[in-house]
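Have a look at the structure below, then the notes.
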Amino acid sequence: MRVMLAQSAGFCYGVRRAVELAKETAAQTGGCWLLGDLIHNTHVVNELEHVGAKRTESLDTLQMGDTVIIRSHGELKQVLDRLEALGLRCVDATCPNVRRIQNLVAEAEAEGRQPVIIGDAAHPEVAGIASRCKHPLVFDGPEVVAQWLKTEPGARELPLTVVAQTTCIRKLFEFSWKIIKKECTNAKIFDTICTATHKRQSEAAVLAAKADVMVVVGDRKSANTKHLTEICQKSCSRVFQIENADELSPDFFRGCSVAGLTAGASTPAGIIKEVYAAMSEEIRAVENNEESFEELLNQSFKTLNTGEKVTGIVTAITPTEVQVDVGAKQAAYIKFSELTDDPAAKPEDVVKVGDEIETYIVRVNDIEGYAELSKKRLDAVKVWENIETAVEEKTVMEGTVTEENKGGIVVSVRGVRVFVPASQSGQPRGADLSAMKGQKVQLRITEVNRARRRVVGSIRSVSDEARRAAQEEIWANIEVGKRYTGTVKSMTSYGVFVDIGGVDGMVHISELSWSRIKTPSEVCKVGDTMEVYVISFDPEKRKISLGVKDHNVDPWQVFMDKYTVGDVASVRVVKLMTFGAFAEVVPGVDGLIHISQIADRRIEKPEDVLSENQVVDAKITAVDEERKKISLSIRALLAPSVEEPVEEDEV
């Protein structure tokens, strides 16, 4: 029995672009709004809300200055007009394919043509397209098209422009435009079905023809997922549409040899990996249950003592077995393979003569007079009982990561394999999970099926709880001026976000350094440790403004203590103007090199001699303490014998 995954399953370009735009905008603005579902996938929409992209259905919740993400399906024109009127900033995540269709119908109506849209009129993509013209016609398939041509007088003579919903089933569109082309004298047909959608539908049809059962993953609101399901049902008698791995059942796979898996364009790769891994586990469970049934059938012919727990005394230890007195007629023994899971251990390392030992009766042979015992199996039963108790009591358990599995990792907890989905590993999406192998981790058991020997756990729930506790600690004790040692988590053009122990604060670029810098990358990088202090904070909005510059240090005083008029300083050019160049003398203090003092000859502009970030020697020719201004001269060093008046700076 095997699982076959369609190559083109999952995010299409337009969906991936929309999700990335939303994440970037939320990070840059500190929070933004999604008007409706960005894509038709509840899991992704919920994830976006966690990073600051909140969802709303009503424009009334928005305020001037808010940033709004336009969903990948596009939006009604009248809604966009109102957003503009409200003074809101819009970031357009509309799929480029959808935007092309919007333009086609708008141009068609401007040219006096009748726009015809083949698709689902209730779908937000189609509604948005239709809003670009005053009198659109929307048909969901060839039957409705044929009926319209038959009953509408003059329909055949209308100049038509025909487009399709990007996720329309190709055959429905082809049958529709063939009818129109045959009956109408002036029709322009545009094949606007997304190439990725067509490829995904074609692969699903081929895969469904090979499979005994098909699983289609996607949100139930997703039109393209619905179409995939319909396509698969034409070639496969057992098709199941699910949203995530939790909806899988072993009953899906009984009696099948090939299981197919595909997913809609709005389904993240992480969910597909989890479903793939869970399907593999479910199939193995079905196979193992069949084997277990045969074992139980064989055991039913054994004595009633088999399977009972029994306590005995160790009487002898040999290199291959341990003999135990259980107070019965039969001589009882434990094979070394049933004593412990540790292949490196010796019998005398586990038990000693005279030890009392609790075991599990594997087999009783009354004719030959012996009983086979197992300590390992009884230990396993106790572990399973502990695991089941841990689920009920939400106990935090410790284990070791033993391997990376498709869709997640496997953690050994007291000898029991616990599957941790990638989304619950506590690692960022797309991280290399193999790097966790050998690590000791804390996790909670979230699901146990003892009959199928399936255990699922979550590392993320433990780390999230610890992070929430750390966050509450931060917010309970935060105050202006308090100092923290943080880690740079992300960077933008206007500053950096620093984790100060579970809470991120913003260091504006102006607070990173006394020196003039254009980008934060000039002074730090992601992962750097940074000493910061609190400038301000807003507990309601959960925003913290941090600083790095020490305002107890006065840069002007540093300059005055170090230099005087006539000194030569090594300065860095920070800005070129028409009248000269500003140069940093000490961090936070700049001086002006007038154009007449840059060279020992007349120059047209400072750029002829200097460039930004160039380090040069300059003489301090004047200091205005009251206005905190400094005059510098390179020319004085080049021709010290020539004395010319220094021109007043023009700033």
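Everything numeric in this text was worked out from a predicted model, so none of it was measured.
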Working for side chain to side chain contact (heavy atoms under 4.5 Å, CB included), residues Ser570 and Val615: CA-CA 7 Å; Ser570 181; Val615 176; 3.2 Å; yes
Quick one: does any side-chain atom of [X] pair with a main-chain N or O of [Y] as donor and acceptor, under 3.5 Å?
| X | Y | answer |
| --- | --- | --- |
| Gln102 | Ile129 | no |
| Arg17 | Thr94 | yes |
| Thr166 | Val98 | no |
| Arg99 | Cys95 | no |
| Thr529 | Thr487 | no |
| Asp538 | Glu540 | yes |

Which value, rounded to the nearest 0.5 Å, describes the distance between [X] atom [atom1] and [Y] atom [atom2]?
| X | Y | atom1 | atom2 | result |
| --- | --- | --- | --- | --- |
| Ile409 | Gln424 | CD1 | CD | 11.0 Å |
| Arg444 | Ile459 | CZ | CD1 | 12.5 Å |
| Leu592 | Gln597 | CG | CD | 10.0 Å |
| Asp608 | Ser611 | CG | OG | 12.0 Å |
| Glu111 | Glu109 | CD | CD | 11.0 Å |
| His40 | Thr167 | NE2 | OG1 | 10.0 Å |

Using a 4.5 Å cut-off on heavy atoms from C-beta on, say whether the side chain of [Y] contacts that of [X].
| X | Y | value |
| --- | --- | --- |
| Tyr533 | Val548 | no |
| Val585 | Asp590 | no |
| Val420 | Leu443 | yes |
| Asp624 | Glu626 | yes |
| Met530 | Leu512 | yes |
| Asn41 | Ser222 | no |
| Ile500 | Ile544 | yes |
| Val411 | Val441 | yes |

At their closest point, which heavy atom of [X] faces which heavy atom of [Y], and how far apart are they?
| X | Y | answer |
| --- | --- | --- |
| Arg82 | Asp60 | NH2-OD1, 3.4 Å |
| Glu479 | Phe537 | CA-CE2, 3.8 Å |
| Leu546 | Val498 | CD1-CB, 4.2 Å |
| Leu576 | Leu610 | CD1-O, 3.8 Å |
| Leu632 | Ala618 | CB-CB, 4.1 Å |
| Arg460 | Gly426 | CB-N, 4.0 Å |

Pair [X], [Y]: side-chain N/O donor-acceptor within cut-off below 3.5 Å:
| X | Y | answer |
| --- | --- | --- |
| Glu274 | Ser423 | yes |
| Glu473 | Asn477 | yes |
| Asn224 | Arg200 | no |
| Ser633 | Thr621 | no |
| Thr42 | Asp219 | yes |

field: salt bridge (Lys or Arg N to Asp or Glu O under 4.0 Å) between Arg635 and Asp600, worked out
entry: CA-CA 5 Å; Arg635 180 180 177 181; Asp600 56 358; over 6 Å; no
query: Passes side chain to side chain contact (heavy atoms under 4.5 Å, CB included), Thr29 versus Arg89? Steps please.
result: CA-CA 11 Å; Thr29 60; Arg89 178 191 172 218; 3.5 Å; yes
- request: Kindly determine whether Asp66 and Lys54 satisfy salt bridge (Lys or Arg N to Asp or Glu O under 4.0 Å), including the steps that lead there.
  value: CA-CA 11 Å; Asp66 283 346; Lys54 294 180 287 186; over 6 Å; no
Can you establish whether the number of heavy atoms outside [X] located under 6.0 Å from its atom [atom1] is more than 12?
| X | atom1 | answer |
| --- | --- | --- |
| Lys221 | NZ | yes |
| Gln614 | CD | yes |
| Lys437 | NZ | no |

Which pairs would a plain distance check flag for residues 518-526, meaning a side-chain donor or acceptor within less than 3.5 Å of a matching protein atom at least two apart in sequence or in another chain?
residue : atom : partner : partner atom : Å
Lys518  : NZ   : Glu612  : OE1          : 2.7
Thr519  : OG1  : Ser521  : OG           : 2.9
Glu522  : OE2  : Lys518  : N            : 2.9
Glu522  : OE2  : Thr519  : N            : 3.3
Lys525  : NZ   : Asp528  : OD1          : 3.1

- prompt: Which pairs with one or both residues in residues 85-106 pass ring-ring contact (aromatic ring centres under 6.0 Å, His included), sequence neighbours excluded?
  reply: none
field: ring-ring contact (aromatic ring centres under 6.0 Å, His included) contacts in which one or both residues fall within residues 49-71, not counting sequence neighbours
entry: none
task: Take Thr61 and Thr56 through the test side chain to side chain donor-acceptor pair (under 3.5 Å) and record every step on the way to the result.
output: CA-CA 7 Å; Thr61 61; Thr56 182; 2.8 Å; yes
So, are [X] and [Y] salt-bridged, with charged N and O less than 4.0 Å apart?
| X | Y | result |
| --- | --- | --- |
| Arg602 | Glu604 | no |
| Arg572 | Glu584 | yes |
| Asp504 | Arg542 | no |

message: As a quick check of understanding, evaluate salt bridge (Lys or Arg N to Asp or Glu O under 4.0 Å) for Lys562 and Asp567, giving each step before the final call.
response: CA-CA 9 Å; Lys562 187 174 182 180; Asp567 287 352; over 6 Å; no
query: Hey, mind stepping through Met397 and Ile445 against side chain to side chain contact (heavy atoms under 4.5 Å, CB included) and telling me if it holds?
result: CA-CA 8 Å; Met397 306 191 78; Ile445 307 300; 3.8 Å; yes
Sequence neighbours excluded, every pair satisfying side-chain hydrogen bond (donor to acceptor under 3.5 Å, both in side chains) that has a member inside residues 68-80: Lys77-Asp81
Show the atom names and distances, to 0.1 Å, of all donor-acceptor pairs under 3.5 Å that link a side chain in residues 18-27 to residues at least two apart or in another chain.
residue : atom : partner : partner atom : Å
Thr25   : OG1  : Leu21   : O            : 2.7

- prompt: Taking it one step at a time, do Gln427 and Met436 satisfy side chain to side chain contact (heavy atoms under 4.5 Å, CB included)?
  reply: CA-CA 9 Å; Gln427 299 298 309; Met436 297 183 69; 3.5 Å; yes
task: Taking ring pair (Phe, Tyr, Trp, His ring centres under 6.0 Å) as the test, write out the residues that go with Trp556, two or more places apart.
output: Phe559
